[in-house]
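Just below is one structure, and these are the notes that go with it.
Given the structure is predicted, the values throughout are model-derived calculations rather than measurements. Positions are given from 1, in the same order as the sequence printed here.
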Amino acid sequence: NVQGTANGGNGGANNGTGNAGDGASTTLANAIDGDTTGSLTLTQTATGGNSGTVDSGLNGTAGTASSTLSKTSSSSFLDVEARATGGNGGERDDASGTAAAGGNATSSATASNDAGEARANWTGSTDAQGGSGGLGRNGANGGAGGNATQTANASTTGDFTARTFGVARGGAGGGVTTGNNSSAGAGGNALSSSTATSSGNGFVSATDQAFGGNGGALNSGTGTGNGGDGGTASSTVSGSNAGIQSVTANSTATGGAGGASFGLNNTSGRAGDGGVGTVVSATGNSTGGGSVSVTANQTGGAGGTGFNGADAGNGADSDLVDKVFGSTSGNLTLTQTATGGAAGDSAQSTTPGGATGTAGNASSSLTASNTDGGNVTGTSNANAGRGGNASGTNNVNNGSTGGTAFAANELADSGNVTVRATANGGNGGSAIDGNAGDGGVAGLMVGLKGVSGTSSGAGTTGNTVNVQGTANGGNGGANNGTG
């Protein structure tokens, strides 16, 4: 077990008119190594330094972090872990300007083994973490969160297991305290890709997850300040083998939540919008006839809450079109789920609240077949975001309508075919003295696609076709006052 860690130093603070210090960046490229025919685990960790706090001078720059680790071996077991964390941006205490952004982080792990199992970034912990943006005080804006990029690749030659579980998280946007027409920082973006491959009859598990950073919150102040928008997330996954062992490939992309906007006199600002999640593709293949399961989960970020007169943020839409792919002469299972972000809520204590946000819509359309002729089961789900709630004494604003959801699924194959499609409209938001929101519409149609299944072997070879479609409209919101 070999471990190596490098931490960049923090930049110095400046409490006058001078400039803040930079955090040190850290780059590790194959800085550790090991050799054995037994079990080998390599863990390399890089962390960028935080930038210093500043008043009216120039910001320091947060340190970036990069950890790249690649190993090819003939070991009974190989695990390669590369972790990177960007430095946090320094606080800014001034009537103008923007606090420092968080540092970016990059992780890349490659494991190749011809004598046993190979794992790359497999632990499920965060492999690439963007740094948090700095806090803005007394008029300064919050800093943006740092971006995160993760790549994992595990491969085996022969009948050996290959596993990956890559995770990237964007940094949180910096908040604002005692702002004056100030805006909080946006969350950092996350980009992740993971691949696992066995050249023979090896079990394969590939999981990839990307999470956009949450936007910063405007905690107090005056004027038209805004909460930060959530960061975007992008995920790609692939798994394959050449035997009868199973292959699983799972991709998750979740946009960051928008930051709240909260100020005593902030009557025309707004909270941040949710970030967009994007599954680029999820692919699984077995040329030896192993069972293959491929899953894609894509979620839009929730809108931020608007307090004391600020408008709420909007939830992000989520649309999936043919993002899961697979082939095997055995059983193929394809599942994709699109989830819209929840609308931001309107909350207040003594003044009329701001408007509730708009709920994220969801659509999922899947058209697929098993090109190698095995059985295929496909599931297409669309779950819309809920409407925003209006709460607090004297809040006359309306709850917003739940998001719309539409699902379609058309499968064709020569084996057994099972088709499932489900659409769930979002629930309407609740209200006090305004009107509650209506539930969102749901349907089983996306464009010209509907819900159907076809087997060229049905009726002649005893193959079956099973088709199920369900659409559930959202519930209307409750009203607990005069609305």
*Going by distance alone, is a donor N or O of one side chain under 3.5 Å from an acceptor N or O of the other, for Asn389 and Ser430?*
yes

*Main-chain N/O of Thr464 paired with Asn416 side-chain donor or acceptor, under 3.5 Å*: yes

*Does the side chain of Ser364 pick up a donor-acceptor pair with the side chain of Gln336 at under 3.5 Å?*
yes

*Residue pair Ser192 / Gln150, side-chain donor-acceptor N/O under 3.5 Å*: yes

*Compute whether any side-chain donor of one residue and acceptor of the other, for Asp319 and Ser363, lie under 3.5 angstrom apart.*
yes

*Asp345 side chain to Ala347 main-chain N or O, any donor-acceptor pair under 3.5 Å?*
no

_Ser183 side chain to Asn141 side chain, donor-acceptor N/O pair below 3.5 angstrom_ = no

*Side chains of Thr337 and Asn381, donor plus acceptor under 3.5 Å*: yes

*Backbone N or O of Ala105 within a donor-acceptor pair of the Thr64 side chain at under 3.5 Å?*
no

*Mind checking what makes salt bridge (Lys or Arg N to Asp or Glu O under 4.0 Å) contact with Asp94, not counting sequence neighbours?*
Arg92

*How about Ser205 and Arg163: does a side-chain donor come under 3.5 Å of a side-chain acceptor?*
no

*Between the side chains of Thr53 and Asp93, is a donor N or O closer than 3.5 angstrom to an acceptor N or O?*
no

*Going by atom types only, do Gln298 and Ser318 share a side-chain donor-acceptor pair under 3.5 Å?*
yes

*Fit a plane to each ring of Phe307 and Phe262, take the angle between them on a 0 to 90° scale, and name the class: parallel (under 30°), tilted (30 to 60°) or perpendicular (over 60°).*
tilted

_Would the distance check show the side chain of Asp229 and the main-chain N or O of Asp273 forming a donor-acceptor pair, the cut-off being under 3.5 Å?_
yes

*Donor-acceptor pair between Asn395 and Ser346 side chains, under 3.5 angstrom*: yes

*Do any N or O atoms from the side chain of Thr356 and from the backbone of Asn398 form a donor-acceptor pair under 3.5 angstrom?*
yes

*Please determine which of Val441, Asp438, Asn427, Thr358 meets the side chain to side chain contact (heavy atoms under 4.5 Å, CB included) test together with Thr401.*
Asp438

*Can any side-chain N or O of Asn314 pair as donor or acceptor with the backbone N or O of Gly344 at less than 3.5 Å?*
no

*Look at Arg137 together with Asp55 and state whether they make a salt bridge at an N to O cut-off of under 4.0 Å.*
no

*Once you round to the nearest 0.5 Å, how far does OG1 of Thr328 lie from CG of Asn370?*
6.5 Å

*Which is it for Thr252 and Ser235 under the side-chain contact (heavy atoms from CB on, under 4.5 Å) test, yes or no, and what are the steps along the way?*
CA-CA 6 Å; Thr252 297; Ser235 173; 5.7 Å; no

*Do Asp208 and Ser194 get their side chains close enough for a donor-acceptor pair, meaning under 3.5 Å?*
yes

*Looking only at side chains, do Ser455 and Asp413 share a donor and an acceptor under 3.5 Å apart?*
no

*How far apart are the C-alpha atoms of Val237 and Thr195, what are their side-chain angles, what is the distance that settles it, and do they pass the side-chain contact (heavy atoms from CB on, under 4.5 Å) test?*
CA-CA 6 Å; Val237 73; Thr195 302; over 6 Å; no

